[in-house]
Each structure stands twice: as structure tokens, then as C-alpha cells.
Amino acid sequence: MRIPQKTAASHQREELADIIRKDVRDCYQCMKCSSGCPFAEEMDYMPHQMMWLTNLGLYEKILNSKSLWICASCLACSSRCPRDIEPAKVMEGFRAMILRERGRTNVSPVIPKGVPRQAVIANMRKFRR
Amino acid sequence: MLGYYPGCTVRAQKEDGFEQESLAILAALGIKAQELEEWECCGAVYPMAQDEYVGLLASVRALNQTEKEEKDGLLTLCSACYHVLKRVNVRMKNDEEAQKRVGNYLEMDYKGQTEVYHLMEVLRDMVGMNSLKEAVTEPLKNEKIASYYGCLFLRPQKEINLVDGENPQLMEDIVRALGAEPVTYPYSTDCCGSYHTCQEEGVSRQMSLKLVESARRAGATQMITACPLCKYNLEKCQESMEKEEKLPIHYMTVPIVKAMGGMKTLERKGEAHAYSAENSSQSSA
């Protein structure tokens, strides 16, 4: 049996469009993003799947995914995207939506001794608001 | 004279010697750089959200300060600072809305005039590989060096525009100029796991280990990088190995200093340059 799923409200789509200023509908699923992504094997949804979920409006799945917080914005996907959609930016858009609403994520930072400041600051900027 | 932006990590980890070595190399090659009178942390990540302007402010302050101090450009050593400063500069150059909003907030009129340079860019464009080669007194004959760029120097290519994003050769050229052999391995442009070292311990460890193993299999005797975080990650992932098994990870300045005769020689050369520059400016005045 197929259970109907809730799709994104128009205000959510507008919010995402405001943040990323890209049209994800241009994606033709060539999977270049996922094939080059160094983190793909750790992700629950791979970058091309994230793009597809975006197009289907299944934002719930994306907002609850692990992938969003595994992406380190290394921009391998963005630089290889033939449609110039920049999957890393789309991911950042969803992260921003969560952070703007809740101020924080469920990801809890561990700060090992001797870690460069750069990592601590990046961590703070990416996972907290 | 270049303005110099140390950045938080390089300054905090002064005992690593990255800063001291870089400035000594440049001074010995006749490039002058002076630290900005005022600077603050660049924020470590570029704000990708297009509607966010707060993340631009710190970098714009530094870029504007460079212009105020009438420097010829802004030199930085850390790859994150380079990435952020350069991209913010591109954004300020091309995005009128950012110019307006940031300008209003900071009460300054900045439109991306400052040039941002990295150490290796200065070595290529201002010093030149031939002059670097001439400055080498003790060629590193037996070293096989794997250059690791990481993500921050390469992407997005149209904004950073330092090297070819898919097949960069700049660090390899430097290694060749030092008389060492550059090692080719497949992961020199992949991400090391970055700030995930503060998050999912496993993720960044796996990533870094893949890079190190790949360089080792290609026959490297050491790996060089220009990023404090990459260096940390690449060292951290080898933590549990035996000492002999570990692949040494160095800042890119370490082999340069060695090939140019050590820090003492560099400092002497630097002083000689400063002295002759002083004299020539006096005689022309």
C-alpha cells in the first residue's frame, strides 16, 4: 500500500529559493554529484537523491536526514554539476532552514584536545546559530 | 609591500612554525609582507546562504583595512582564510546588494579592490619558479613528496582561480623546484574530513586515512599541505600506528626551508634584502 506523504508548503519552497537562489528543477539526475562525493558512503541519502527529494517536495525526509550534517561543503559536487545547481549550496539551504527555526541541530560537537581553532569555529558556524 | 593576514589558527599555533617559516622564505626571496594593524578571524567557512550578509563582515573589514594601509595585496597562509577572504572579495566585487548592505552596516565603501594572495601564489607569480630554483642550495634529492591541496584551494574554481581544480600542479612545481620528486596519487584534491573532526569522529578519520594510504602506496616519503586542519586530520588518523609506519605530514614550508639551507640562512638572506632595499630607497630619495 502506498502511503501519501506530506509535501513541502509553498512558504518552505520560497524560503529555500531565497537562500540558495538556484533552480533545483534543472537537475537531470546525472549523478555526477554522488559519484564524486567523498562522503557518499556515509550518507543516508546521496547528493543526487537529495536533489530529487527536493524536487518532489519531500522536505521532511531531507530535514530529518543524516546527510545534511555529513556534507562538509567541500564543493566537489558543485564544481562538477553540469546544470550548475550546486548541490552543496542546496544542502546549506536546508541546514540554514533548520538552524533559523531551531537555532541548533541534534548533532552534538565533541572537541578533542589540540584540535585547530579553525575546526572549532567552522563547527560552530555550521551547526549552531 | 603586501599586507599579511595571519588568521586565528596559524597565530594560535605559532609553535608549529608555519608563520615564521613562510615569512622567512618570502623575506629571503625579497618579498616584503607586514601584518595588518587590525584584523579578526575570517569565520573559517564561507557563508553559502545567499541571503546572509553577517558572515561577510569580518573578512570585508580585513580587506578594507588592507586598502586603507595602502598595501599591494593581502597575503594569507591558511587555506581556510584564503578561501573565505578570496570568495568574500569576489562577492563584494560582483554583488551590488552585498556592497550596499555590508557598506551600510560597516559604514565603508568597499567594492572588492583588494587582491588576495596565498603563499604559493606569491611564489609562483611574484617570485617565479626559476628564482625559487636558484635559491635552492641543498636540493632534496631523496625525497618523494606528495602534495595535498584539499578542497579549500580548489573549489569553486571560477572564484578561487588559483590552480586547475581537477588536476592542480602548483605544489608539484614547487616540489620540483626544490629538487625533490613529486608523487602522483589520486586523492590530492579530495576533502580530508574537515571540521567533522569535531563531529562524527569516524567520518573524518576514514577520509584522512584514505588519503594517507593512497599517498603511501604511491611511494611518498612525506606529505605536504598548507592547511592547519588538513595537517591535523592527516596526523590524527595515523595516531594508532607504529612510529615507523607513520607518514610524516608537513606544512609546505618545511621542505622549502630545508632546501634553501635552513632557517638561519633564510634569516640572513632576509636581512640582506631588507638592508639593500633600505639603501636603494635612501639613494633614490
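Naming: A, B, ... by sequence-line order, numbering from 1 per chain.
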Tell me, for B/C41 versus chain A, whether the close heavy atoms (under 4.5 Å) come from the side chain, the backbone, both or neither. side chain

Which bit of B/M207 comes within less than 4.5 Å of chain A, counting heavy atoms only: side chain, backbone, both or neither? side chain

So, the part of B/Q13 with a heavy atom under 4.5 Å from chain A: the answer is side chain

Pick whichever of B/H83, B/E166, B/K158 has the most heavy-atom pairs under 4.5 Å with chain A. B/E166

Among B/V45, B/T189, B/L229, which residue has the highest count of heavy-atom pairs closer than 4.5 Å to chain A? B/L229

Does any non-hydrogen side-chain atom of B/E19 lie less than 4.5 Å from one of B/R11? yes

Would A/D44 and A/S67 count as having a side-chain donor-acceptor pair, cut-off 3.5 Å? yes

Side chain, backbone, both or neither: which part of A/Q118 has a non-hydrogen atom closer than 4.5 Å to chain B? both

State the CZ-CD1 distance between A/R95 and A/I62, to the nearest 0.5 angstrom. 12.5 Å

In terms of side-chain heavy atoms, does A/S73 have a donor or acceptor partner in A/K126 at a distance below 3.5 Å? yes

Honestly, the part of B/C192 sitting under 4.5 Å from a heavy atom of chain A is neither

Is the distance between the ring centroids of A/F94 and A/Y59 under 6.0 Å? yes

Ion pair check, B/K93 and B/E159, cut-off under 4.0 Å: no

Side-chain H-bond candidate by donor/acceptor type, B/N89 with B/Y110, under 3.5 Å: yes

Below 4.5 Å, heavy-atom pairs only: which of B/G165, B/C81, B/A49 has the largest tally toward chain A? B/A49

Does B/K210 make a cation-pi contact with B/Y187, if we ask for NZ or CZ under 6.0 Å from the ring centre and within 45° of the axis? yes

Scored by heavy-atom pairs under 4.5 Å with chain B, the best of A/G93, A/A76, A/A96 is A/A76

Part of A/C71 within contact of chain B (heavy atom distance under 4.5 Å): backbone

Counting heavy-atom pairs under 4.5 Å with chain B, the top scorer among A/E92, A/E86, A/E41, A/K22 is A/E92

How about B/K231 and B/Y148: do any of their side-chain heavy atoms sit closer than 4.5 Å? no

With a 4.5 Å cut-off on heavy-atom pairs, point out which of A/P38, A/S79, A/S78 contacts chain B the most. A/P38

Which atoms of A/I19 approach chain B - backbone, side chain, both or neither, heavy atom under 4.5 Å: both

